2 protein chains.
Amino acid sequence: MDRDRKQNEILDAALKVFAAYGFRKTTVEDVAEKVGMTKSNLYFYIRNKQDLYQKTVSRALQRWRDSVAQAVSETDDVVEKFSVMAKQSFAYLADDEDLRRVCMKDPGIFSLSPEEDRFSEINLGAMQLIKSILVQGIEEGRFHPVDVDHVTELFFSIYIMFLIKTYVKSQGISSVRMYDEGLKIILRGLCVDRQVP
Amino acid sequence: MDRDRKQNEILDAALKVFAAYGFRKTTVEDVAEKVGMTKSNLYFYIRNKQDLYQKTVSRALQRWRDSVAQAVSETDDVVEKFSVMAKQSFAYLADDEDLRRVCMKDPGIFSLSPEEDRFSEINLGAMQLIKSILVQGIEEGRFHPVDVDHVTELFFSIYIMFLIKTYVKSQGISSVRMYDEGLKIILRGLCVDRQVP
DNA sequence: AAATTGACTAAATAATTCATTTGTTCTAAT
DNA sequence: ATTAGAACAAATGAATTATTTAGTCAATTT
């Protein structure tokens, strides 16, 4: 089946177009043109514009999540895992220009309230990663026995907040410094054993 | 001069009206009626609608800040100060219904980016309080020697984020729990000496 | 059969116009 | 010094028309 390859081709093209114009201002004809087919034929592959957008962004977000999971899996130490997760999650967007542009034009992609999170499925996966690291750390006696669910949500919220500050509004360098300082304090407050910095 | 009393009367009335209808939907006639004077006479006291709103909200925010400063001043211990500041700052809005309503109708009052903060003068004051406590804690050797400016901004951002989560979107009970857990972790990560919880 | 197209329609969006409200000023009276 | 009422410009809202665009379909090509 060649169907899947074409699907991906379409999603790749769509990401570029959405990155350039934003959801509102791109027409499905724009996307069709980018792929090199007619609008009506594009509809052979997509359900509708909204769905195309959802799938496009979801795919990009999944790449992001996978990249973090990959980086985390390369170490065994929980504390290291936590640190890598935090850093990789935050740094990723700097390299994915298209996704970054899409996010800037549609700030709602990063939502501070779970109810209105249009990509909750993917974000729940990200939170699952945080939670699993917390649980592992607590089991190993490396982390304090915190309220895992609430702390997971807390960390995720702080993380999202920084994404917004850094990539949606663009307070680049200052917020990066804040993120680093915050990570240090949180790690220190989380860890049981103390090594003098 | 009776002028100031009248000014305050107006600002009090305006807060109630703005709380009820929001900026957009209140007319200056509504406010005038609430104070018990005609629209045109109200203009003897105010510059324009926008300015009235600004002054009204500013005054309410100042009461907030003063209430926190007052609570903090009642203890000498830095760690206690930090804790009181965090708790009082967060809890205050629960009691000030009018201000809370205004904030819910105008989420822009809480801004995560300093550039678009319409009440930066007041918020800078709040940050000054955080900073002074941090500095005192570090000087006394109770806090780790963190990057004061960035950590101040960090804490303030997290705080604002929680205000938004709790009072603008209304994720009440869950976000309160998150706030408490977060405060514990941050205090532990901030403090030099360790007392087992 | 699966993939593609151009023609078609219903719905959304944008542009225009006109009517009403409302922010703001001014003059005159108390 | 304070107030009220009239007056006006600017903003807002409602109603109308014109244009674009999302989405469908029958016909054609591969």
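We name chains A, B, ... by the order of the sequence lines, and we start the count at 1 in each one. Everything numeric in this text was worked out from a predicted model, so none of it was measured.
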Determine, stepwise, if the pair Asp77(B) / Arg142(B) fulfils salt bridge (charged side-chain N to carboxylate O under 4.0 Å, His left out). CA-CA 10 Å; Asp77(B) 183 78; Arg142(B) 303 286 304 278; 2.9 Å; yes
Specify the separation, in whole Å, of atom CD of Glu9(A) and atom C1' of dT4(C). 15 Å
Looking only at atom types and distance, does a side-chain atom of Ser58(B) sit under 3.5 Å from a main-chain N or O of Gln54(B), one as donor and one as acceptor? yes
With a 4.0 Å cut-off on N to O distance, would you call Asp51(B) and Lys55(B) a salt bridge? yes
Going by heavy atoms closer than 4.0 Å, what residues in residues 17-25 of chain B are next to DNA chain C? none
Check each residue of residues 28-55 of chain A for a non-hydrogen atom within less than 4.0 Å of any atom in DNA chain D, then write out the ones that pass by number, or none. Val28(A), Lys39(A), Ser40(A), Tyr43(A), Asn48(A), Lys49(A)
Between Asp76(B) and Lys81(B), does any side-chain N to carboxylate O distance fall below 4.0 Å? no
State, yes or no, whether a side-chain contact exists between Asp12(B) and Thr56(B) at a heavy-atom distance under 4.5 Å. no
Can a donor-acceptor pair be found, under 3.5 Å and without considering hydrogens, that links the side chain of Lys49(A) to the backbone of Phe23(A)? yes
Do any N or O atoms from the side chain of Asp106(B) and from the backbone of Cys103(B) form a donor-acceptor pair under 3.5 angstrom? no
Test your reading of the model: is there a side-chain donor-acceptor pair from Lys16(A) to the backbone of Leu11(A), 3.5 Å cut-off? no
